[in-house]
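Convention: sequence-line order gives letters A, B, ...; per-chain numbering from 1. Both backbone and side-chain heavy atoms feed into the values below; hydrogens, waters and symmetry mates do not.
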2 protein chains.
Amino acid sequence: MLRVSKLTDYATVVMTCLAMTGAEVTSAQQLADAARLELPTVSKLLKQLAHAGLVTSRRGVNGGYCLARPAEAISVADIVTAMEGPIGMTECSAHAGACGHEPHCGVRVNWQRISQAIRSALQGVSLADMVATPPRRPAGIPLRVASH
Amino acid sequence: MLRVSKLTDYATVVMTCLAMTGAEVTSAQQLADAARLELPTVSKLLKQLAHAGLVTSRRGVNGGYCLARPAEAISVADIVTAMEGPIGMTECSAHAGACGHEPHCGVRVNWQRISQAIRSALQGVSLADMVATPPRRPAGIPLRVASH
DNA sequence: TCCATTCAGGACCGAAATTGTACTATTTAG
DNA sequence: CTAAATAGTACAATTTCGGTCCTGAATGGA
């Protein structure tokens with residue numbers, strides 16, 4: 001179905017919550033409540049996000065997480081990459097030499113191009129856009145693909 | 001890693017082979033040889049493609065498959081949809097009501113927008129583009145996302 | 001008519017990834 | 001020193017994916 005994993009989906013929700021609370025640190029428990037998810041799940045994905053440098057953590061009492069950068073500077077592509085690794089539609093789009101068919105594979109170049117297009121689409125949406133979440137928004141998020 | 005399944009990947013290769021052989025019917029065995037894949041695998045995905053109406057089949061001696069439409073009229077999106085179902089990055093992008101978080105989920109609308117962008121990117125590449133497979137192509141396949 | 005060829009439609013199994021949870025260690029504020 | 005909270009790791013259950021095989025139906029030729 002060509003979809004991101006649930007954990008990635010949850011990550012966007014949690015990051016959105018984090019972006020909305022302002023700059024103060026927020027504990028995993030509070031985020032779990034806000035996102036209506038289980039604490040262990042939220043905890044798990046926050047660790048991954050911290051490891052990728054998208055959030056910073058503070059341990060100890062009154063610890064928690066906050067965005068490492070302004071919401072405008074974090075894209076959906078960043079979140080997806082943090083949770084799932086490099087974005088590539090096929091194995092050979094991300095890691096060359098893993099396929100064995102490459103020498104006589106005419107579609108490889110095109111998949112790389114497609115992957116790049118999708119990467120661009122994901123980079124074009126920032127966390128700030130996600131927070132805005134307009135019922136209807138006139139200008140729209142810049143997500144149109146160039147017509148041809 | 002946000003990728004299509006191997007079977008989908010194989011499907012694009014087989015479809016490309018089919019587009020290159022011209023209009024005569026080609027047996028699954030010939031396609032398997034051309035794509036360097038196992039016959040059962042090729043057979044399986046061709047059935048799916050036939051079911052989706054992308055290829056037509058002829059049974060019996062000298063039977064085989066051929067494209068149901070000109071290569072220009074078949075997009076990568078068609079192939080992905082045939083193999084994996086509707087393109088949606090999250091569960092709620094494809095089927096509403098399956099999530100339970102929808103009432104208080106601010107990111108849903110944005111995921112739908114992102115999914116649409118990816119759908120467009122995949123629709124922008126036809127099988128004819130895949131066949132062209134240029135070592136380097138000046139104009140390039142129309143895959144740029146509108147800058148903003 | 002009979003037979004070889006080739007697709008149609010399932011059924012099946014093993015491998016791998018995903019999900020969700022749990023447990024222990026480490027850090028920090030008071 | 002203690003309670004709060006993250007870091008890191010491990011694990012079982014579930015689901016999906018990849019690949020194979022088998023039986024049935026259609027087609028063309030001997």
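Residue B:A28 is classed as a sugar-phosphate contact, given heavy-atom separations below 4.0 Å to backbone atoms only. The residue A:E38 sits close only to the backbone: its heavy atoms come under 4.0 Å of sugar-phosphate atoms, none of a base.
For A:A117 against B:A121, the heavy-atom pair with the smallest separation is CB-CB, 4.2 Å. Contact between B:L49 and B:A11 at its shortest, heavy atoms only, is CD1-CB, 4.3 Å. B:I74 and B:L54 make their closest contact through CD1-O, 3.9 Å (heavy atoms, listed as atom of the first residue, atom of the second, distance). Contact between B:L7 and B:T41 at its shortest, heavy atoms only, is CD1-CG2, 3.9 Å.
In this structure, A:L46 atom CG and D:dA5 atom P are separated by 14 Å, rounded to whole Å. Between A:L39 atom CG and C:dC23 atom C1' there is a gap of 14 Å when expressed in whole angstrom units. Rounded to an integer number of Å, the gap from A:L45 CG to D:dA7 C1' is 14 Å. Remark: P of C:dT19 and CG of A:D9 are 10 Å apart, rounded to the nearest angstrom. Atom CG in A:L18 sits roughly 11 Å away from atom P in D:dT6 (whole-Å rounding). As a whole-Å value, the separation of A:N62 CG from C:dG30 P is 6 Å. To the nearest angstrom, C1' of D:dG19 lies 12 Å from CG of B:L37. Per the geometry, OH belonging to B:Y10 stands 9 Å off C1' belonging to D:dG19, to the nearest Å.
By the 4.5 Å heavy-atom criterion applied to side chains, B:K44 and B:K47 are not counted as neighbours. No side-chain heavy atom of B:T26 sits less than 4.5 Å from a side-chain heavy atom of B:Y65. The side-chain heavy atoms of B:S115 and B:R119, taken from C-beta on, include a pair separated by under 4.5 Å.
Between A:A50 and A:V61, the residue anchored closer to the 5' end of DNA chain D is A:V61, taking for each the nucleotide with the nearest heavy atom.
Between B:T41 and the phosphate of D:dT20, there is a side-chain N or O to OP1/OP2 separation shorter than 4.0 Å.
Residues from residues 51-60 of chain B that place a heavy atom under 4.0 Å from any atom of DNA chain C, listed by number: B:S57, B:R58, B:R59, B:G60.
End-to-end axis angle for the helix from C:dT1-D:dA30 to C:dG30-D:dC1, using five pairs per end and rounding to 10°, comes out at 10°.
When the nucleotides D:dG28, C:dT21, C:dC7 are ranked by their closest atom to the side chain of A:P40, C:dT21 comes out on top. In this structure, of C:dG9, C:dT21, D:dT6, it is C:dG9 that holds the atom nearest to the side chain of B:K47. Each of D:dT20, C:dT19, D:dG8 was ranked by its minimum atom distance to the side chain of A:K6; first place goes to C:dT19. Comparing D:dT20, C:dT19, D:dT6 by their closest approach to the side chain of A:S27 singles out D:dT6. Closest to the side chain of A:K44, from the set D:dT20, D:dA7, C:dT21, is C:dT21.
Side chain to side chain, B:S75 and B:D78 meet the donor-acceptor criterion of an N or O pair below 3.5 Å. No side-chain donor from either of A:R113 and A:Q116 sits under 3.5 Å from a side-chain acceptor of the other.
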Check against side-chain contact (heavy atoms from CB on, under 4.5 Å), B:T8 and B:R3: CA-CA 10 Å; B:T8 303; B:R3 62 179 167 189; over 6 Å; no
